[in-house]
Amino acid sequence: MCGRFATRGKAREIARQLGIDEIDLPERYNVAPTTFVLAAVADPAPRWTLLRWGLIPGWAKDISIGSRLINARAESIQEKASFRSSFKRRRCLIPCLGYYEWQRFAHHKQPWFHTYSDDRHMVMAGIWDHWQSPDGSELESFSLITTDSNPLAAQVHHRMPVLLSSQDWSAWMDHSSEKTNHLIPLLGPAGTLIFRFTGSAPVSIQCAMIPQLSSIHCRIPQIFSLIPDGLLLVRSHLALFFCKFLSSPAKYCTEMENFSDMLRVINGLY
DNA sequence: CCAGACGTTGTT
DNA sequence: GTCTGG
DNA sequence: CCAGACGTTGTT
DNA sequence: GTCTGG
């Protein structure tokens with residue numbers, strides 16, 4: 001699944017391909033459901049807009065359903081009442097720096113940051129809908145589509161967000177026909193093998209594992225609490241390291257082949 | 001026909 | 001809104 | 001996803 | 001423990 005992600009940087013590629021503004025994504029390292037996120041929509045002309053994360057179908061009586069519809073399964077998106085019309089008529093692209101996935105252990109959960117190994121944005125596939133509240137105000141919201149994990153991501157979790165490669169963005173955003181069969185092949189884990197965890201290569205995953213951090217008594221969720229959205233309140237070397245790491249994962253990942261390297265990087269910041 | 005649901009996640 | 005179950 | 005709440009009564 | 005709200 002996908003329940004948190006990070007945004008930062010200029011969305012150049014999507015802008016170029018869709019012929020819209022090169023917009024600056026806000027610097028957010030903890031984007032959570034029910035908050036507003038920049039997304040590219042096409043209705044029918046492509047444009048950027050802010051959508052609330054957690055889809056509220058047009059027929060919903062109140063917004064409470066939104067907090068439960070943060071993901072839509074690719075396998076059933078055409079059948080589900082909450083999703084099918086959006087899938088046919090209102091697809092969107094959500095660019096991000098990367099996303100977090102939690103790995104479950106017997107007595108704790110461990111978040112991992114998933115990102116590409118170069119500085120490209122990940123582009124997640126979404127669907128959105130309009131909703132009108134009883135008082136007449138309008139709200140637009142979205143779900144992220146999920147699929148089976150690819151072999152790399154499966155080491156952390158069995159589901160992952162659908163990541164669209166640049167050659168598929170235009171087809172995804174083309175709503176001139178309501179036929180969607182040609183889109184189904186885009187909704188698999190294929191073609192996403194080029195991202196990695198916090199190591200520089202799959203082979204280094206074990207030694208570069210973030211769980212090593214728990215051995216110095218600081219788990220990532222605690223760091224999150226020190227990094228409110230868009231506001232860096234740094235209270236420890238480790239937290240600052242994570243601010244830097246999250247803002248430039250490609251750069252810092254390559255320096256973290258093992259725990260000693262990680263400490264070296266952290267110490268090097270001071 | 002009307003009434004009621006409409007979703008994902010993980011875990012067992 | 002639209003489908004399913006009664 | 002995590003964090004935080006987790007309730008009822010009557011009255012307007 | 002489990003649901004709701006962010």
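Every chain is numbered from 1 and lettered A, B, ... according to where its sequence line falls, protein lines coming before strand lines. These numbers come from the heavy atoms of this one structure, side chains and all, not from hydrogens, waters or symmetry mates.
Out of B:dT8, C:dG1, E:dG5, the shortest distance to the side chain of A:S64 is found at E:dG5. For A:S67, the side-chain atoms get nearest to E:dG5 when compared with the rest of E:dT4, E:dG5, D:dC1. Looking at the side chain of A:N71, the nearest of the listed nucleotides B:dT9, B:dG7, E:dG6 is B:dT9. Residue A:A81 has its side chain nearest to C:dG1 when only C:dG1, E:dG6, B:dT9 are considered. Of the candidate nucleotides B:dT11, B:dG7, B:dC6, B:dT11 has the atom nearest to the side chain of A:R104.
Residue-level contact check: A:F5 touches neither bases nor backbone, having no heavy atom under 4.0 Å from any strand. Residue contacts shown for A:S76 are limited to sugar-phosphate atoms, with no base heavy atom under 4.0 Å away. Residue A:H130 is classed as having no contact, given no heavy-atom separation below 4.0 Å to the nucleic acid.
At a cut-off of 3.5 Å, with distance as the only test, no side-chain donor of A:R73 or A:T146 sits close to an acceptor on the other residue. Using modelled atom types, one finds no donor on one side chain facing an acceptor on the other under 3.5 Å when comparing A:S137 with A:Q132.
Note: CZ (A:R68) to C1' (B:dA5) measures 12 Å, nearest angstrom. Between the CD1 atom of A:I77 and the C1' atom of B:dG7 there is a distance of 12 Å, rounded to whole Å. With rounding to whole Å, A:I65 atom CD1 is found 16 Å from E:dG6 atom P. In this structure, the CD atom of A:Q78 is 14 Å from the P atom of B:dG7, given to the nearest Å. Computed from coordinates, the A:E101 CD to B:dT8 C1' distance equals 12 Å when rounded to whole Å. Protein atom CD1 of A:I63 is 7 Å distant from nucleotide atom P of E:dG6, rounded to whole Å. Between the CD1 atom of A:I70 and the P atom of B:dT9 there is a distance of 9 Å, given to the nearest Å. As a whole-Å value, the separation of A:M1 CE from B:dG7 C1' is 11 Å.
Listed pair A:T34 / D:dC1 fails the phosphate criterion, with no side-chain N or O lying under 4.0 Å from OP1 or OP2. When the side-chain nitrogen and oxygen atoms of A:T146 are compared with OP1 and OP2 of B:dT9, one or more of them lie within a distance under 4.0 Å. For B:dG7, neither phosphate oxygen OP1 nor OP2 lies less than 4.0 angstrom from any side-chain nitrogen or oxygen of A:R73.
A:F87 and A:W128 have their aromatic ring centers separated by at least 6.0 angstrom.
Residue ring and base: A:Y100 does not count as stacked with D:dC1 (centre distance below 5.5 Å and interplanar angle below 30° not both satisfied).
The aromatic rings of A:W53 and A:F142 lie parallel to each other, with less than 30° between the two planes, well short of the 60° mark.
In this structure C:dG6 sits in a base pair with B:dC1, meeting the Watson-Crick or G-U test at under 3.5 Å.
A donor-acceptor pair is defined here as one N or O able to donate and one able to accept, closer than 3.5 Å; no such pair exists between the side chain of A:T34 and the backbone of A:S67.
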